[in-house]
There are 2 protein chains.
Amino acid sequence: MLDNYLLEELATFAECKTLAKTAEKLHMTQPSITRGTKKLEEELGVQLFERYPNHITLTKTGELAAQVAAHIIKVNQEGIEKIRNFDQSQHSIQLGVTIPGPRILLQHLKVEFPDNVHLNPELLSEDSITSLLEKNEYTLIFSDQEIFTDQVESRYLGDETMSVHLNQFMYLASQSSVAFKDLKGLSFLVLSCRSLERNHTKCNSRCKISLSK
Amino acid sequence: MLDNYLLEELATFAECKTLAKTAEKLHMTQPSITRGTKKLEEELGVQLFERYPNHITLTKTGELAAQVAAHIIKVNQEGIEKIRNFDQSQHSIQLGVTIPGPRILLQHLKVEFPDNVHLNPELLSEDSITSLLEKNEYTLIFSDQEIFTDQVESRYLGDETMSVHLNQFMYLASQSSVAFKDLKGLSFLVLSCRSLERNHTKCNSRCKISLSK
DNA sequence: AGCAATTACGATCTGCGTAAGAATA
DNA sequence: TATTCTTACGCAGATCGTAATTGCT
């Protein structure tokens with residue numbers, strides 16, 4: 001196995017291009033980096049560097065090795081985060097939302113949450129759900145998507161309904177039915193949370209929760 | 001970052017369940033493992049072990065950490081293989097096949113290959129194509145699938161045709177057309193490579209090659 | 001001359017083993 | 001008593017820094 005300090009040296013060298021700059025960036029001296037390059041080649045049994053008297057570059061294999069090194073470092077660091085976050089999640093619960101409906105509801109219910117339940121009211125992007133759960137940054141994310149992976153599962157929670165009240169003086173009030181597209185571009189007075197019960201027009205959106213196993 | 005020896009100790013402990021057995025498996029002594037457990041907890045700032053006077057177990061977080069550890073080790077080892085194989089692939093070419101058509105053709109052409117081109121005549125499974133290419137175990141795999149990932153791309157190569165010759169005394173010879181299903185269960189005399197030109201009945205199969213970028 | 005890489009030497013650190021101790025079943 | 005984990009001490013190996021050397025631009 002390749003030691004972390006060697007991986008870091010290789011990955012940094014790929015960025016910095018010279019041993020001197022690499023050493024500086026890592027708060028080390030050039031000779032240490034020189035040694036590192038040799039040790040890497042020795043351990044892998046492969047030529048990673050093209051050596052000239054006062055000049056050194058990566059071979060093709062070295063380029064690949066640097067990418068691999070960066071990847072291993074990333075996996076290591078993300079692993080640490082995952083462990084730390086999981087430990088947190090043993091003591092507290094992080095709730096997230098990707099759609100506004102559940103957010104309104106949860107903020108309303110917030111007063112009843114125990115101290116160790118935290119809601120991030122920010123709307124998370126759909127794409128980030130899986131990684132946020134796999135890293136244990138969130139315990140539970142409310143969304144309208146169904147997700148099943150090795151580490152994430154979804155449960156159907158309920159339908160979300162959105163209602164719009166048109167008073168009798170509004171120019172569309174005489175219509176027997178009104179579609180959402182007819183309302184496009186209009187301004188609304190938004191109801192307070194306490195008025196959530198009074199629903200008239202339905203908007204299709206099934207709400208699901210995704211949680212880490 | 002977590003050092004490899006700590007990861008290995010943790011992953012091994014998760015299998016062995018006691019420090020003594022862990023030490024034995026790693027050809028080390030118990031006290032070293034004890035130190036490892038403490039150093040891990042210290043570096044992560046997280047409790048991984050439940051300690052009793054003469055007994056120690058993993059916490060929930062510890063269980064997860066052990067899985068993460070095993071994963072990091074795996075990524076490291078696969079990375080090393082990938083680098084070594086890539087270095088090989090700079091000097092030689094490994095050809096693979098998942099279907100028999102290209103195999104026959106390639107074995108036929110083998111005599112013309114340069115010394116550094118090697119064909120594995122074994123039929124590889126479809127599922128393994130991606131990983132074999134990503135690990136640089138193969139440079140080129142001939143298959144009838146089209147694969148595009150970050151590291152693998154496919155090129156269309158040509159159509160594969162299979163022919164069956166029925167001589168005039170065969171009981172189906174009088175039919176105006178014969179489907180493959182009619183031939184099910186019958187025995188064949190297989191033609192030698194030199195006879196590949198004489199094709200009569202076509203079998204649909206597009207041949208593609210997949211290669212690592 | 002100035003910069004970059006290498007070589008050589010010495011010091012520090014750190015991880016390992018041995019030996020002894022404490023607790024349990 | 002046998003097993004398991006922990007603590008204490010000393011050593012060996014490995015990595016790092018300093019200083020000196022070589023080679024290019």
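So that the names make sense, note that chain A is the first sequence line, chain B the second, and so on, each numbered from 1.
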Gap between atoms CD and P, on B:E8 and C:dC16 respectively (whole Å): 11 Å
Residue pair B:N116 / B:S92, side-chain donor-acceptor N/O under 3.5 Å: no
Near-strand residues of residues 56-74 of chain A, defined as heavy-atom separation under 4.0 angstrom from DNA chain C: A:I56
Whole-Å gap separating P (C:dG15) and CG (A:D3): 10 Å
Residues that B:Q77 engages under side chain to side chain contact (heavy atoms under 4.5 Å, CB included), provided they are two or more places apart: A:M1, B:I73
For atom OH of A:Y52 and atom P of C:dA5, their distance in whole Å: 13 Å
Under-4.0 Å side-chain N/O to phosphate OP1/OP2 contact, A:R51 with C:dA5: no
For atom CG of A:L19 and atom C1' of C:dA4, their distance in whole Å: 8 Å
Contacting residues from residues 23-32 of chain B, given that a heavy atom lies under 4.0 angstrom of DNA chain C: B:H27, B:M28, B:T29, B:P31, B:S32
Upstream residue (5' side of DNA chain C) when A:T18 and B:P53 are each assigned their closest nucleotide: A:T18
Distance, rounded to the nearest Å, where B:N54 contributes CG and C:dA23 contributes P: 11 Å
Side chain to side chain contact (heavy atoms under 4.5 Å, CB included) involving A:K21 - partner list, sequence neighbours excluded: A:C16, A:T18
With A:H118 via ring pair (Phe, Tyr, Trp, His ring centres under 6.0 Å) - residues at least two apart: none
Verdict with reasoning, B:V68 to B:L64, per side chain to side chain contact (heavy atoms under 4.5 Å, CB included): CA-CA 6 Å; B:V68 170; B:L64 175 77; 4.3 Å; yes
Find every protein N or O atom lying less than 3.5 Å from an N or O atom of nucleotides 11-13 of chain C, and list the pairs.
none

Closest contact, heavy atoms only, B:L124 versus B:G96: CD1-CA, 4.0 Å
Partner of B:K82 by side chain to side chain donor-acceptor pair (under 3.5 Å), out of B:E137, B:Q151, B:E134: B:Q151
A:E78 CD: over 12 foreign heavy atoms closer than 6.0 Å: yes
Spacing of B:L140 atom CG and B:I93 atom CD1 [to the nearest 0.5 Å]: 7.5 Å
Nucleic acid contacts - residues 33-45 of chain A versus DNA chain C, non-hydrogen atoms under 4.0 Å: A:T34, A:K38
Start and end of chain A contact along DNA chain D [non-hydrogen atoms, under 4.0 Å]: D:dT15 to D:dC24
Step-by-step side chain to side chain contact (heavy atoms under 4.5 Å, CB included) determination, A:L157 to A:F142: CA-CA 9 Å; A:L157 197 64; A:F142 294 79; 3.5 Å; yes
A:N85 and A:Y138: side chain donor to acceptor below 3.5 Å: no
Using atom types as modelled, flag every donor-acceptor pair under 3.5 Å from a side chain in residues 27-34 of chain A to any protein atom, sequence neighbours excluded.
from  : atom 1 : to    : atom 2 : distance (Å)
A:S32 : OG     : A:R35 : NH2    : 3.2
A:T34 : OG1    : A:Q30 : O      : 3.4

B:K25 and B:E15 ion-paired at < 4.0 Å: yes
Which atom pairs, donor and acceptor, lie under 3.5 Å between side-chain atoms of residues 4-13 of chain B and protein residues at least two apart or in another chain?
from  : atom 1 : to   : atom 2 : distance (Å)
B:N4  : ND2    : A:L2 : O      : 2.8
B:T12 : OG1    : B:E8 : O      : 2.6

Distance, nearest 0.5 Å, that separates OG of B:S154 from CD1 of B:I129: 8.0 Å
Watson-Crick and G-U pairing of DNA chain C written in dot-bracket, each distance under 3.5 angstrom, with | for inter-strand partners: |||||||||||||||||||||||||
Would you mind writing out the side-chain donor-acceptor pairs for residues 39-47 of chain A within the sub-3.5 Å range, not counting sequence neighbours?
from  : atom 1 : to    : atom 2 : distance (Å)
A:E41 : OE1    : A:R51 : NH2    : 2.8
A:E41 : OE2    : A:L48 : N      : 2.9
A:E41 : OE2    : A:F49 : N      : 3.0
A:Q47 : NE2    : A:F49 : O      : 3.0
A:Q47 : NE2    : A:E50 : OE2    : 3.4

Check ion pair A:R155-A:E153 (N to O, under 4.0 angstrom): yes
Check against side chain to side chain contact (heavy atoms under 4.5 Å, CB included), B:N136 and B:Q88: CA-CA 9 Å; B:N136 293 309; B:Q88 270 302 313; over 6 Å; no
Derivation of the side chain to side chain contact (heavy atoms under 4.5 Å, CB included) call for B:V97 and B:L106: CA-CA 9 Å; B:V97 293; B:L106 288 166; 3.8 Å; yes
Whole-Å gap separating C1' (C:dA4) and CD (A:E50): 17 Å
Interatomic distance, B:H55 NE2 vs C:dA22 C1' [rounded to whole Å]: 17 Å
